[in-house]
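Worksheet: one structure, shown below.
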Protein chains: 2
Amino acid sequence: MNRQSHTTRTSRALPIALLRARETVMAPIRDMLQGIQLTEQKWRILRVLDEMGEVEQSTIANEACLLLPSLTRILRAMENDGQISRRQGSTDKRRTMVKITDEGRQILEENLATSLAIHNTIEAQMGQEKIDNLLDLLEELQAVKV
Amino acid sequence: MNRQSHTTRTSRALPIALLRARETVMAPIRDMLQGIQLTEQKWRILRVLDEMGEVEQSTIANEACLLLPSLTRILRAMENDGQISRRQGSTDKRRTMVKITDEGRQILEENLATSLAIHNTIEAQMGQEKIDNLLDLLEELQAVKV
DNA sequence: ACAATTTACTAAACATGTTAAGTAGTAAAG
DNA sequence: CTTTACTACTTAACATGTTTAGTAAATTGT
């Protein structure tokens with residue numbers, strides 16, 4: 001009987017397995033981002049805004065997996081840097097509506113090639129079928145109610 | 001043509017998909033940890049130490065996906081709390097060898113049931129086959145060279 | 001209409017993440 | 001043997017993560 005008889009191997013524990021896999025994928029992306037003075041979080045926010053158009057902050061928080069207090073600070077910085085714009089909601093004045101600016105969109109476009117190249121490197125090693133399969137399973141896991 | 005013509009949908013982008021899936025799994029685990037005054041990081045460290053025995057800090061950093069500066073601080077706190085013990089390496093004095101204490105192991109044992117229950121809830125909804133398949137794919141992705 | 005509750009966000013405090021720089025011990029090269 | 005490089009970690013500074021508390025606007029209950 002080995003020493004970890006009472007727990008699952010960490011490589012078969014979902015939280016750690018997801019984290020390790022993500023670190024592998026993020027390593028080269030972090031390299032890319034460092035070159036353009038953008039954090040991982042800001043990159044996610046730009047991606048979400050580009051995809052969803054003008055949305056309220058809570059939506060960004062949900063989609064980009066950030067808590068509102070973090071988002072408050074990060075969006076303040078991004079607004080100062082001209083990557084996003086904010087305005088008060090018209091019908092509901094509690095809401096802050098956020099959208100990506102042309103400058104923000106340009107950052108995405110300028111780094112699309114690098115981003116794709118990283119994805120292709122991974123796909124070349126694992127195969128497109130497995131990647132698709134993995135993404136399907138991840139979407140399904142995300143929808144589980146806990 | 002929709003507005004995100006130049007990027008992949010975020011739900012099909014590996015980094016965000018991995019993050020969202022992880023948030024789903026972690027939510028109930030964070031609830032559990034809050035009840036026992038343990039952070040997600042400390043829990044990972046205990047799991048890794050329980051699995052690997054006495055190891056140097058760099059190994060913990062790799063396995064638990066933490067950077068060394070974070071680990072330095074966290075292990076200092078965990079040593080104060082009696083959950084781990086540290087000693088200088090005998091042959092190589094640069095190394096710090098770390099192992100879990102009985103107190104640390106007890107924390108794992110006391111929360112094993114909750115941890116298993118969470119896993120079972122997820123398994124009940126997705127099915128064991130899919131979970132196994134997902135874990136296989138995650139291990140494979142983690143091994144990709146980028 | 002009014003009080004109570006809820007929602008969307010902000011503020012503050014402390015832990016952790018992240019990068020750069022520093023220290024001490026070890027290994028490699030000449 | 002000595003200089004040089006490298007390795008394992010620590011420290012410091014600042015960004016972000018996380019929790020708790022607070023504010024203002026909207027909603028609900030009566």
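On a predicted model such as this, the values are computed, not experimentally measured, just so you know.
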Minimum-distance nucleotide to [X] side chain [options: [options]]:
| X | options | result |
| --- | --- | --- |
| A/Gln34 | C/dA20, D/dT18, C/dT26 | C/dA20 |
| A/Lys93 | C/dT16, D/dA26, C/dT10 | D/dA26 |
| B/Gln41 | D/dG17, C/dT16, D/dA26 | C/dT16 |
| A/Arg94 | D/dA25, D/dT19, D/dC9 | D/dA25 |
| B/Leu67 | C/dC9, C/dT18, C/dT16 | C/dT18 |
| A/Thr72 | C/dT19, C/dC9, C/dT10 | C/dT10 |

By the 4.0 Å heavy-atom rule, please label [X] as base, sugar-phosphate, or nothing.
| X | value |
| --- | --- |
| B/Arg73 | base |
| B/Thr91 | sugar-phosphate |
| A/Thr96 | sugar-phosphate |
| A/Leu71 | nothing |
| A/Ser58 | sugar-phosphate |

May I ask you to say whether [X] pairs ionically with [Y], meaning some side-chain N is under 4.0 Å from a carboxylate O?
| X | Y | result |
| --- | --- | --- |
| A/Glu56 | A/Arg94 | no |
| B/Asp136 | A/Arg12 | yes |
| B/Arg30 | B/Glu23 | yes |
| B/Glu139 | A/Arg20 | no |
| A/Arg105 | A/Glu109 | no |
| B/Arg47 | B/Asp50 | no |

[N] phosphate, OP1 or OP2, under 4.0 Å from [X] side-chain N/O:
| X | N | value |
| --- | --- | --- |
| B/Thr39 | C/dA15 | no |
| B/Gln57 | D/dT10 | yes |
| A/Arg86 | C/dC9 | no |
| A/Arg95 | C/dA8 | yes |
| B/Ser70 | C/dT16 | no |
| B/Arg76 | C/dA15 | no |

Distance in angstrom units between [X] [atom1] and [N] [atom2], rounded:
| X | N | atom1 | atom2 | answer |
| --- | --- | --- | --- | --- |
| B/Ile74 | D/dT11 | CD1 | C1' | 15 Å |
| A/Gln88 | D/dT23 | CD | P | 18 Å |
| B/Leu33 | C/dA15 | CG | C1' | 14 Å |
| A/Arg87 | C/dA8 | CZ | C1' | 15 Å |
| B/Ile29 | D/dT18 | CD1 | C1' | 17 Å |
| B/Leu68 | C/dG17 | CG | C1' | 13 Å |
| B/Gln37 | C/dT16 | CD | C1' | 17 Å |
| A/Arg30 | C/dT19 | CZ | P | 7 Å |

Discussion item. Nearest heavy atom decides the nucleotide; on that basis, is A/Pro69 or B/Pro69 closer to the 5' end of DNA chain C?
Written reply: A/Pro69
Worksheet entry | Residue mapping more 5' on DNA chain C - nearest nucleotide basis, A/Glu56 or A/Glu40 | A/Glu56
Worksheet item: Side-chain donor-acceptor pair under 3.5 Å between A/Glu51 and B/Thr10, yes or no?
Response: yes
Worksheet entry | Closest-nucleotide 5' rank along DNA chain D - winner of A/Ser90 and A/Leu66 | A/Leu66
